[in-house]
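Computed from a predicted structure; not experimentally measured.
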Protein chains: 2
Amino acid sequence: MSPNPLNELGSLGDYLREQRQSAKLSLRQVAELAGISNPYLSQIERGLKRPSAEILQQLAKGLEVSAESLYVKAGILDEEFAHDPEALDVRRAISHDARLTARQKKTLLDVYDSFVEDLDSAPAKTPATTRTPR
Amino acid sequence: MSPNPLNELGSLGDYLREQRQSAKLSLRQVAELAGISNPYLSQIERGLKRPSAEILQQLAKGLEVSAESLYVKAGILDEEFAHDPEALDVRRAISHDARLTARQKKTLLDVYDSFVEDLDSAPAKTPATTRTPR
DNA sequence: GCATTTTGCTAACTAGAGCAAGCATACTTA
DNA sequence: TAAGTATGCTTGCTCTAGTTAGCAAAATGC
């Protein structure tokens with residue numbers, strides 16, 4: 001059932017270990033800085049356990065990286081979302097708007113697509129289906 | 001020990017229950033949409049259990065709100081971080097889109113505004129204190 | 001009136017996050 | 001060489017997130 005089996009987990013662990021080693025810190029040091037136990041950190045780095053968001057927050061603090069970047073690697077946050085959205089994209093903005101229902105999003109996206117379709121010379125774009133950005 | 005004892009938890013639960021009721025859905029319906037058990041959702045709404053980020057993701061999908069907004073209420077994401085990319089950015093993205101004519105922009109903005117206008121009674125981002133109970 | 005469904009909830013259980021204690025190997029320093 | 005320490009890891013354990021089964025009260029139908 002778990003949507004992020006161990007792929008993303010391993011990637012997260014690798015990233016954490018890289019960060020720790022490039023900072024020349026031991027497992028115990030980072031564990032202490034983050035306020036978690038060192039055996040547990042060891043298991044996280046090797047992808048054996050799946051840390052909660054709370055633990056990720058503490059680890060981010062200890063490693064001096066952003067919590068959001070860890071969330072992204074753990075698969076609980078969209079990458080696009082973490083990247084500060086200076087680059088504005090209408091489709092993306094619409095699909096992330098918490099105030100819109102799914103149906104309203106589809107309506108807006110369809111309208112938008114119909115507008116831009118006209119100027120894309122003759123693209124024969126996919127008409128109605130909501131294309132998930134990503 | 002836990003940094004977010006039950007304060008933020010209660011706020012999250014209240015928010016979830018408000019969203020569900022304003023959508024006129026039962027516990028079981030939302031639980032099914034989100035793919036979680038209904039007793040568990042009941043406990044989350046009453047602030048008795050602390051859902052993981054994964055569960056919050058599924059709940060966001062079922063309730064058609066952004067996962068990030070739930071993360072904020074659960075205390076695992078900074079408010080500022082989730083703030084900007086929502087309401088503001090849709091309007092801004094539209095008005096900055098070079099592919100749209102002025103008239104098309106106005107159309108899209110009008111549609112968008114009409115959508116979010118309806119939400120005044122059921123706001124997606126309550127200031128957490130003022131609850132307008134219809 | 002009584003039966004059926006729908007509502008939210010309680011109780012008992014399972015699985016896994018996160019912990020303290022301890023182990024084996026490598027690196028010091030005397 | 002041997003004593004001391006730092007490294008990462010394994011072993012059990014506790015606690016709680018999340019489950020299934022089932023309850024009492026409210027709504028709906030016959």
Examine the base of C/dG16 for any acceptor or donor lying under 3.5 Å from a partner atom in the side chain of A/Lys49, and report the outcome as yes or no.
-> no
When the distance from CD of B/Glu32 to P of D/dG18 is rounded to whole Å, what number comes out?
-> 19 Å
How long is the line joining CG of A/Leu12 and P of C/dA17, in whole Å?
-> 13 Å
Could you pull out all residues at least two apart from B/Lys106 that satisfy side-chain hydrogen bond (donor to acceptor under 3.5 Å, both in side chains)?
-> B/Asp110
Whole-Å gap separating P (D/dA17) and CD (B/Gln58) = 16 Å
Protein and nucleotides 7-9 of chain D: nitrogen or oxygen contacts under 3.5 angstrom:
unit_1	atom_1	unit_2	atom_2	d
D/dG8	OP1	A/Arg20	NH1	2.9
D/dG8	OP2	A/Leu27	N	2.7
D/dG8	N7	A/Arg28	NH1	2.7
D/dG8	O6	A/Arg28	NH2	3.1
D/dC9	OP2	A/Arg17	NH2	2.9
D/dC9	OP2	A/Ser42	OG	2.9
D/dC9	N4	A/Asn38	OD1	2.9

Who are the side-chain hydrogen bond (donor to acceptor under 3.5 Å, both in side chains) partners of B/Ser37, not counting sequence neighbours?
-> none
Hey, is CD on A/Gln43 packed in by over 12 heavy atoms from elsewhere, all under 6.0 Å?
-> yes
Between CG of A/Leu48 and P of C/dG16 the distance, given in whole Å, is 13 Å
For B/Ile55 and C/dA15, what is the distance between atoms CD1 and C1' respectively, to the nearest whole Å?
-> 13 Å
Who pairs with B/Glu64 by side chain to side chain contact (heavy atoms under 4.5 Å, CB included), at least two apart in sequence or on another chain?
-> A/Thr101, A/Ala102
Starting from P on C/dT7, measure out to CG on B/Leu41 and report it in whole angstrom.
-> 13 Å
With A/Ser42, which residues qualify under side-chain hydrogen bond (donor to acceptor under 3.5 Å, both in side chains), at least two apart?
-> A/Arg46
Once you round it to whole Å, what is the distance between P of D/dG18 and CZ of B/Arg50?
-> 11 Å
Set of residues satisfying side-chain hydrogen bond (donor to acceptor under 3.5 Å, both in side chains) with respect to B/Tyr40, sequence neighbours excluded | none
Atom OH of A/Tyr40 and atom C1' of D/dT11 are separated, to the nearest Å, by 17 Å
Exercise answer: donor-acceptor pairs, residues 22-29 of chain A side-chain atoms, under 3.5 Å, sequence neighbours excluded:
unit_1	atom_1	unit_2	atom_2	d
A/Ser22	OG	A/Glu18	O	3.3
A/Ser22	OG	A/Gln19	O	3.1
A/Ser26	OG	A/Arg28	N	3.4
A/Ser26	OG	A/Gln29	N	3.1
A/Ser26	OG	A/Gln29	OE1	3.4
A/Gln29	OE1	A/Ser26	N	2.8

Any sub-3.5 Å donor-acceptor pair from A/Tyr112's side-chain atoms to A/Ile94's backbone N or O?
-> no
For atom NZ of B/Lys105, is the number of surrounding heavy atoms from other residues, nucleotides or ligands below 6.0 Å larger than 12?
-> yes
Table of protein N/O atoms under 3.5 Å from nucleotides 26-28 of chain D N/O atoms:
none

What is the nucleic acid contact for B/Ser37, judged by heavy atoms within less than 4.0 Å: base, sugar-phosphate only, or nothing?
-> base
